[in-house]
Amino acid sequence: MPTIVRSKNPTPRGAATVAKPTNGIQTVMNFANGKWVASHSTDYLPVMDPSIGQQIANVPLSTPQDVDDAVRSAQKAFPEWSSTPIKERVQVFYRYKTLFERHAEELAALVHQENGKTMSESMAEVEKSVEVTEFACSMPQLVAGEILEVSRSVECRIDRVPLGVVVSITPFNFPNMVPNWTIPNALVLGNTMILKPSEQVPLSALRIAELLKEAGLPDGVFNIVHGGQAAVEAICDHPGIQAISFVGSTRVAKAVYVRATSHLKRALCLGGAKNHLIVLPDAHEEMTATNVAASMSGCAGQRCMAASAMVAVGAVDHIVKRLCDEARKIVPGKSLGAVISKSAKERIERYITEAERDGAKVLVDGRNAVVEGKEEGYYVGPTVIDYVRPDMKIAQEEVFGPVLSITRAETVDEAISIENSSPYGNAASVYTQSGGLANYVVERASAGMIGVNIGVPVPREPFSFGGWNESKFGSGDITGKSSIEFWTKLKKTTTKWNPEAKVNWMS
Ligand code: NAD
């Protein structure tokens, strides 16, 4: 955790810019009523560029007063926005999508700067934001209500109505995409929102707010509160907030779910992951090796869908060897980005060292990676560790770095039981050329998203995203059609206009 800086001279409240330089470093602002506002806090954290290890901004640790200001802004905007017809609301998001496409390079550069992932990975993240926005634009087609004459002259109709003020709390690993998992869907459906971005990557959220405003979103419909634990707890406790979606680690997801629901809020909290890839002896060598290597190293392994545990079944040494060859081709600073912080780099390297000490064999070693010209950057090279036993810490915990641990199994049933014993359940994959064996694993794997010869089995819209077990708390999924349930409630209206119709017990 970086040191908190207590500023004697915080950015003045009400300043009209996104960020005001303090000693050359910008201080990010909260966003409410369509304006940039400084936090009431005097506590700030540094925001770092992980590729070069240099500070690029300060972020305020917002207070309960800041949360309350944002709630008031969103409450004020709700009556007008929620009563705007959905076909009008969606127009804002057609324009938002166009603006996103127009500014894609710049948005990707911002992700690269604050998160450290490569430019091509950053661009892919922006493209995914466009895809979820396209899905949101199809909402009018998906949420038409139902109507039926249920007895003579009596009709019942069902409408989906928004919840009110909702909150989206997001992690560091996708500063652009994860906020957009929730913003377009929740707002098109008529809610007003507060985004609480990760304090490690607050900058993309600022550009999102600017583009929403440029797209014509009315003031107060979208708001931002920066900060960490104190802001999140104030959000969970605030009586003016109806629903909270959360994406982050399992420890915090659980705490937020418990606290939010204890205040009778609707909550959907996505947590961490330990995704198992089961490789069978008949798997296609090249396809499997390149796919697994890409899955474990993409976004420096900081994806909740990353392959982190491979279960090698039977005679697959040829695939392990090829996988190591592929991993060695991945170059930190070029095809592999930085991890988020110095402490993340130290944590990841500690996992590797402990696994080696406990008897595992490091086949490809990414410790002590240094990138020329970016010596202060937080890099960990691709790492493959063989002969990891299921009881080792590295086999059980989320490492969240470009590290693949391989556990050997004799049979497919043993491999499935290793996968099933993980407390997580985000994703799992099987590599085989046999449809029957693939199906056998798909039916038995205990995860919400399953891949067959695919290492990152992210469902694309309109299919929904969400794991099982300790990877998600709450019902339904966060994207796709499932998100409609989360962001709306049903209003059932029964109507009779014809006085001549006979009265029966229901009329
Ligand atoms: P994190 O849990 O540390 O932080 C997530 C959010 O919670 C941030 O906005 C942060 O400010 C806030 N927060 C942090 N500590 C808190 C506390 N004690 N109380 C209240 N709020 C707190 O997660 P992270 O490190 O930013 O992100 C990485 C994690 O997110 C990984 O575990 C990864 O697997 C997970 N993740 C999951 C998914 C998914 O879809 N399941 C997607 C992306 C990331």
Side-chain angles (χ1 to χ4, degrees), residues 273-298 301 303-330 360-361 363-364 382 384-390 394-396 402-460 462-469 471 477 480:
K274 187 86 196 167
N275 305 315
H276 287 69
L277 308 183
I278 297 177
V279 177
L280 303 183
D282 71 337
H284 187 281
E285 183 183 317
E286 187 192 351
M287 184 168 84
T288 304
T290 52
N291 197 269
V292 174
S295 174
M296 58 82 94
S297 65
R303 286 188 288 194
C304 65
M305 296 294 280
S308 60
M310 172 172 146
V311 189
V313 182
V316 293
D317 281 352
H318 59 296
I319 298 176
V320 172
K321 182 181 173 309
R322 184 79 177 255
L323 164 65
C324 290
D325 293 343
E326 291 301 327
R328 288 189 192 96
K329 291 182 199 161
I330 299 164
K361 192 169 172 197
L363 301 180
V364 182
V384 181
I385 311 175
D386 204 354
Y387 301 105
V388 170
R389 292 189 316 274
I394 199 168
Q396 295 175 354
V403 179
L404 181 75
S405 55
I406 303 177
T407 300
R408 300 286 179 148
E410 293 294 316
T411 64
V412 69
D413 285 325
E414 188 188 344
I416 290 167
S417 96
I418 290 171
E419 190 280 332
N420 285 180
S421 66
S422 169
Y424 296 104
N426 218 37
S429 295
V430 56
Y431 289 83
T432 176
Q433 291 300 297
S434 156
L437 275 174
N439 215 31
Y440 188 83
V441 176
V442 169
E443 283 176 1
R444 287 162 182 76
S446 180
M449 294 170 280
I450 313 283
V452 176
N453 299 316
I454 302 252
V456 184
V458 173
R460 305 267 308 258
F463 299 98
S464 61
F465 186 102
W468 290 359
N469 311 329
S471 292
D477 286 337

Are the side chain of [X] and the backbone N or O of [Y] linked by a donor-acceptor pair below 3.5 Å?
X: Thr288; Y: Tyr431; result: no
X: Ser471; Y: Asn426; result: yes
X: Ser297; Y: Ile330; result: no
X: Glu285; Y: Arg322; result: no
X: Asp386; Y: Lys361; result: no
X: Glu419; Y: Ile278; result: no
X: Ser295; Y: Ala307; result: yes
X: Thr290; Y: Met287; result: yes

Side-chain heavy atoms of [X] within contact of [Y], under 4.5 Å:
X: Met305; Y: Phe465; answer: yes
X: Val384; Y: Met296; answer: yes
X: Tyr387; Y: Ile406; answer: no
X: Val320; Y: Met310; answer: yes
X: Val279; Y: Val313; answer: no
X: Asp413; Y: Tyr440; answer: yes
X: Thr407; Y: Arg389; answer: no
X: Val412; Y: Val441; answer: yes

Candidate pair Asp317 and Lys321, rule salt bridge (Lys or Arg N to Asp or Glu O under 4.0 Å), full reasoning:
CA-CA 6 Å; Asp317 281 352; Lys321 182 181 173 309; over 6 Å; no
Check this for me: [X], atom [atom1], are more than 12 non-hydrogen atoms of other residues, nucleotides or ligands nearer than 6.0 Å?
X: Arg460; atom1: CZ; answer: no
X: Ile454; atom1: CD1; answer: no
X: Glu410; atom1: CD; answer: no

I'd like to know if Arg328 pairs up with Asp325 as an ion pair, taking the criterion as any Lys NZ or Arg NE/NH1/NH2 lying under 4.0 Å from an Asp or Glu carboxylate oxygen.
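Here Arg328 pairs with Asp325 in a salt bridge, since their nearest N and O are under 4.0 Å apart.
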Which heavy atom of [X] sits nearest to which heavy atom of [Y], and what is that distance?
X: Gly466; Y: Asp477; value: CA-OD1, 3.4 Å
X: Ala428; Y: Ala445; value: CB-CB, 4.2 Å
X: Lys274; Y: Ser422; value: CB-OG, 4.0 Å
X: Ala427; Y: Pro457; value: CB-CG, 4.1 Å
X: Ala409; Y: Ala415; value: CB-N, 4.1 Å
X: Met449; Y: Pro459; value: SD-CD, 3.5 Å

Between Asn275 and Ser429, does any side-chain donor sit less than 3.5 Å from a side-chain acceptor?
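The criterion, which ignores hydrogens and geometry beyond distance, is not satisfied for Ser429 and Asn275.
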If we ignore angles and hydrogens, is there a donor and acceptor under 3.5 Å between the side chains of Thr432 and Asp282?
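Their side chains do contain a donor-acceptor pair, which is all the 3.5 Å distance test asks for.
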Determine, step by step, whether Ile418 and His276 satisfy the side-chain contact (heavy atoms from CB on, under 4.5 Å) criterion, reporting the C-alpha distance in whole Å, the side-chain angles of both residues, the deciding distance to 0.1 Å, and the verdict.
CA-CA 9 Å; Ile418 290 171; His276 287 69; 4.1 Å; yes
Approximate separation, where rounding is to 0.5 Å, of Ile394 CD1 and Ser308 OG:
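Rounded to the nearest 0.5 Å, the CD1-OG separation comes to 9.0 Å.
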side-chain contact (heavy atoms from CB on, under 4.5 Å) between Asn291 and Glu326: does it pass, once the steps are laid out?
CA-CA 9 Å; Asn291 197 269; Glu326 291 301 327; over 6 Å; no
Intermediate values then yes/no, side-chain contact (heavy atoms from CB on, under 4.5 Å), Ile385 and Leu404:
CA-CA 6 Å; Ile385 311 175; Leu404 181 75; over 6 Å; no
